[in-house]
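Reading through the structure tokens given below for one structure.
Worth knowing before you read on, the calculation uses all heavy atoms, side chains too, and leaves out hydrogens, waters and symmetry mates. Quick note on labels: first sequence line is chain A, next is B, and so on, each numbered from 1. Remember, it's a predicted structure, so these values are computed and weren't measured experimentally.
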Amino acid sequence: RQNAHAQRIFSAKKMASRKEGTGSAATSSSSTTGPAGKGKGKGGSGDSAVKQVQIDGLVVLKIIKHYQEEGQGTEVVQGVLLGLVVEDRLEITNCFPFPQHTEDDADFDEVQYQMEMMRSLRHVNIDHLHVGWYQSTYYGSFVTRALLDSQFSYQHAIEESVVLIYDPIKTAQGSLSLKAYRLTPKLMEVCKEKDFSPEALKKGNITFEHMFEEVPIVIKNSHLINVLMWELEKKSAVADKHELLSLASSNHLGKNLQLLMDRVDEMSQDIVKYNTYMRNTSKQQQQKHQYQQRRQQENMQRQSRGEPPLPEEDLSKLFKPPQPPARMDSLLIAGQINTYCQNIKEFTAQNLGKLFMAQALQEYNN
Amino acid sequence: PASTPAPAQTPAQSLPGPALPGPFPGGRVVRLHPVILASIVDSYERRNEGAARVIGTLLGTVDKHSVEVTNCFSVPHNESEDEVAVDMEFAKNMYELHKKVSPNELILGWYATGHDITEHSVLIHEYYSREAPNPIHLTVDTSLQNGRMSIKAYVSTLMGVPGRTMGVMFTPLTVKYAYYDTERIGVDLIMKTCFSPNRVIGLSSDLQQVGGASARIQDALSTVLQYAEDVLSGKVSADNTVGRFLMSLVNQVPKIVPDDFETMLNSNI
């Protein structure tokens with residue numbers, strides 16, 4: 001289901017970029033357009049085109065609101081990011097949500113929704129350049145094939161695009177969790193070939209660490225928004241709930257570990273599959289070898305008897321080589337395990353600090 | 001000023017003001033989410049050359065006690081001395097698009113930047129009365145009159161002598177701010193840009209966040225301590241309610257036997 005959604009986003013975006021190329025006049029001078037556009041660092045350069053992502057406060061609030069109102073449980077909410085590119089910085093100035101994929105809405109044209117939305121936003125002078133997309137995540141599990149595909153199509157068309165991952169559960173625990181990811185140039189190359197066999201991946205020298213790169217985020221507000229913030233603070237002093245200092249953590253940790261264990265299980269299954277494949281291949285090689293030898297022997301015997309040798313048979317037809325398993329899945333699983341571990345690491349660091357503080361408080365009390 | 005709902009009176013043909021179907025739904029409280037205000041300010045910053053203000057539609061939900069505004073979008077319009085034109089087609093289209101994402105949101109009214117209600121506002125208000133029963137009107141003062149960005153909400157009521165030409169009066173409503181928990185955390189973070197020189201902040205790492213939160217509690221504690229000392233030295237008269245809060249605060253640190261605490265601590269680690 002997620003895959004279908006990702007495909008739709010991609011096709012919508014493709015249409016958008018095509019229209020952009022023909023329709024729009026000069027927008028901001030430093031923005032890039034679709035595939036026909038220029039862009040520094042295009043092509044197989046080792047350097048990434050985006051060094052920093054700058055997000056307007058408004059976008060953060062909108063993403064939070066979207067998840068809060070439309071997301072339940074493990075459903076992910078997605079949306080489109082709009083903005084522009086300034087030198088090596090990606091500025092995200094606005095965003096709009098994408099409707100949930102509903103089965104009973106078969107005639108809902110997502111491409112059209114996107115086109116209409118962008119056209120309307122252009123009328124009110126909002127940057128209408130697609131620079132990426134955002135997605136919410138459940139406990140940090142976002143390294144999936146669907147995400148890879150979507151991000152690849154985005155990055156293929158617009159070099160500087162990013163995917164923003166918003167973690168609502170971590171945010172509810174006290175601090176905003178928003179990360180920006182891009183695919184590394186190496187991974188882009190591999191995806192372009194669409195060849196995920198073991199040899200290709202080894203050639204590309206890809207390990208799970210080289211799949212995604214995280215881009216640092218800064219948040220920027222205009223002066224007027226700052227004034228607004230001061231006003232709000234004066235008027236609506238909402239009491240701080242200090243969730244960040246809460247000691248109750250085992251639930252969260254437990255869920256994280258559960259997901260981690262599931263992934264490790266999948267990983268081991270995958271490894272077993274790969275090993276069987278290797279074993280099968282080598283067994284087959286042996287069989288081929290034996291067959292060849294027998295053939296040769298027979299031929300020699302026949303020659304000694306003066307009979308014509310048996311025709312050489314196509315060995316590959318006799319021994320069909322087994323299918324090599326796609327290695328991309330295991331890469332993704334490894335990447336996901338890595339993300340889980342990082343999350344757990346951050347989480348436990350915070351908790352250890354809090355526990356030690358509680359200890360100090362107790363000692364003082366006694 | 002009492003607002004007499006006049007449902008039985010179908011307005012006469014010479015009426016300049018909007019027809020009101022009934023009392024304001026949902027009491028007299030308007031609850032705003034911060035994303036609305038940020039969005040309004042952003043549209044104001046992106047207004048066309050020569051436009052003095054921007055207007056837009058407010059979306060949200062109504063319940064018995066209040067009206068909650070959860071979303072908004074700006075609508076292109078043209079305003080000159082004598083006339084005003086609003087692109088209602090655009091407004092309708094945007095509303096349809098928004099409904100696809102959040103089908104529960106209704107049109108609640110409209111907003112405008114600026115510090116006053118002009119005659120054009122009355123006309124625009126009439127446009128919106130066709131979309132929503134008894135729309136609310138929100139003003140956000142981006143021109144910062146009196147050094148403040150005042151945020152006010154109004155609903156329009158008929159006034160005048162019944163049977164004759166009726167006028168329209170905008171009566172103010174109470175504005176409250178509603179935050180989801182995650183929104184509050186987001187706003188706290190965004191607010192930090194007020195303190196940084198080029199209005200840019202990064203996201204802090206894990207232990208830094210705990211440090212930040214503890215610093216905030218420390219500040220709060222020092223304020224409380226200051227207050228206690230003032231009372232003791234007689235500078236401020238003692239207040240019983242505050243005293244009771246202080247008592248419950250001190251008692252909240254649980255008194256646990258040291259050994260039990262050690263085991264609890266080690267098991268958690």
Side-chain angles (χ1 to χ4, degrees), chain A residues 54 57-58 60-62 64-65 68-70 94 97-99 108 113 116-117 120 123-126 168 171-172 174-176 178 216-233 235-236 238 240-242 244-245 346 349-350 352-355 357 359 361-362 365-366, chain B residues 33-35 37-39 41-48 70 74-76 90 93-94 97 100-102 142 144 148-149 151 176-177 179-191 193-194 199-207 209-210 213-214 216-217 253 255-256 258 261 265 268-269:
Chain A
Q54 181 180 291
L58 173 66
V60 175
L61 288 178
K62 271 187 155 178
I64 293 180
K65 168 195 177 290
Q68 190 70 37
E69 296 191 343
E70 307 299 330
N94 216 319
F98 225 73
F108 173 66
Y113 170 84
E116 290 254 354
M117 199 51 139
S120 314
H123 269 150
V124 289
N125 297 335
I126 294 183
T171 308
S175 66
L176 181 68
L178 200 61
I217 293 183
V218 292
I219 298 189
K220 176 151 181 190
N221 278 331
S222 65
H223 290 294
L224 210 50
I225 299 253
N226 274 353
V227 174
L228 176 71
M229 292 293 148
W230 282 115
E231 271 297 319
L232 280 183
E233 181 162 359
K235 289 216 178 122
S236 70
V238 181
D240 224 352
K241 279 209 201 130
H242 299 295
L244 196 54
L245 293 176
E346 280 181 19
Q350 286 184 332
L352 279 178
K354 286 189 265 187
L355 283 173
M357 276 204 301
Q359 184 182 41
L361 204 62
Q362 275 296 317
N365 227 10
N366 297 334
Chain B
H33 280 260
V35 63
L37 300 168
S39 196
V41 169
D42 184 70
S43 336
Y44 177 74
E45 285 173 350
R46 291 170 182 276
R47 66 191 184 286
N48 288 322
T70 49
S74 73
V75 174
F90 178 92
N93 274 341
M94 276 296 253
L97 288 176
K100 298 212 170 104
V101 178
S102 350
T142 42
L144 302 177
R148 300 286 299 272
M149 182 188 276
I151 300 170
K176 292 222 171 111
Y177 297 93
Y179 288 74
Y180 301 123
D181 281 339
T182 36
E183 259 185 332
R184 182 172 38 82
I185 295 174
V187 169
D188 278 345
L189 181 70
I190 295 174
M191 192 135 38
T193 60
C194 298
R199 309 184 316 269
V200 170
I201 50 161
L203 299 182
S204 50
S205 81
D206 25 338
L207 270 183
Q209 291 162 359
V210 178
S214 332
R216 275 203 295 274
I217 286 207
V253 181
K255 292 198 175 47
I256 310 182
F261 189 75
L265 192 71
N268 266 346
I269 291 186

(Q) Walk me through whether B:H33 and A:K65 qualify under side chain to side chain contact (heavy atoms under 4.5 Å, CB included). (A) CA-CA 9 Å; B:H33 280 260; A:K65 168 195 177 290; over 6 Å; no
Q: Take B:I151 and B:Y177 through the side chain to side chain contact (heavy atoms under 4.5 Å, CB included) test and state the conclusion after the steps.
A: CA-CA 11 Å; B:I151 300 170; B:Y177 297 93; 3.5 Å; yes
Q) Cut-off 3.5 Å, side chains only: do A:S222 and B:E45 have a donor facing an acceptor? A) yes
Q) Which heavy atom in B:R47 sits nearest to a heavy atom in A:N125, and how many Å separate them? A) C-ND2, 3.7 Å
Q) Side chain, backbone, both or neither: which part of A:E116 has a non-hydrogen atom closer than 4.5 Å to chain B? A) both
Q) Looking at B:P76 and A:V124, what are the two nearest heavy atoms and their distance? A) CD-CG1, 4.0 Å
Q: Among B:V41, B:L37, B:L97, single out the residue with the greatest number of heavy-atom pairs under 4.5 Å to chain A.
A: B:L97
Q) In terms of heavy-atom pairs under 4.5 Å, which option from B:T70, B:D42, B:V75, B:N93 contacts chain A the most? A) B:T70
Q: Pick one of side chain, backbone, both or neither for A:V60, based on which atoms fall under 4.5 Å of a heavy atom in chain B.
A: side chain
Q.
Counting only non-hydrogen atoms closer than 4.5 Å, does A:P97 touch chain B with its backbone (N, CA, C, O), its side chain (CB onward), both, or neither?
A. both
**Q.** Heavy-atom pair count under 4.5 Å with chain B, highest-scoring of A:N94, A:V227, A:L61, A:I126
**A.** A:L61
Q. With a 4.5 angstrom heavy-atom cut-off, which part of B:S74 approaches chain A: side chain, backbone, both or neither?
A. both
Q.
Using every non-hydrogen atom in the two residues, find where B:G186 and A:I64 come nearest and quote the distance to one decimal.
A. CA-CD1, 3.8 Å
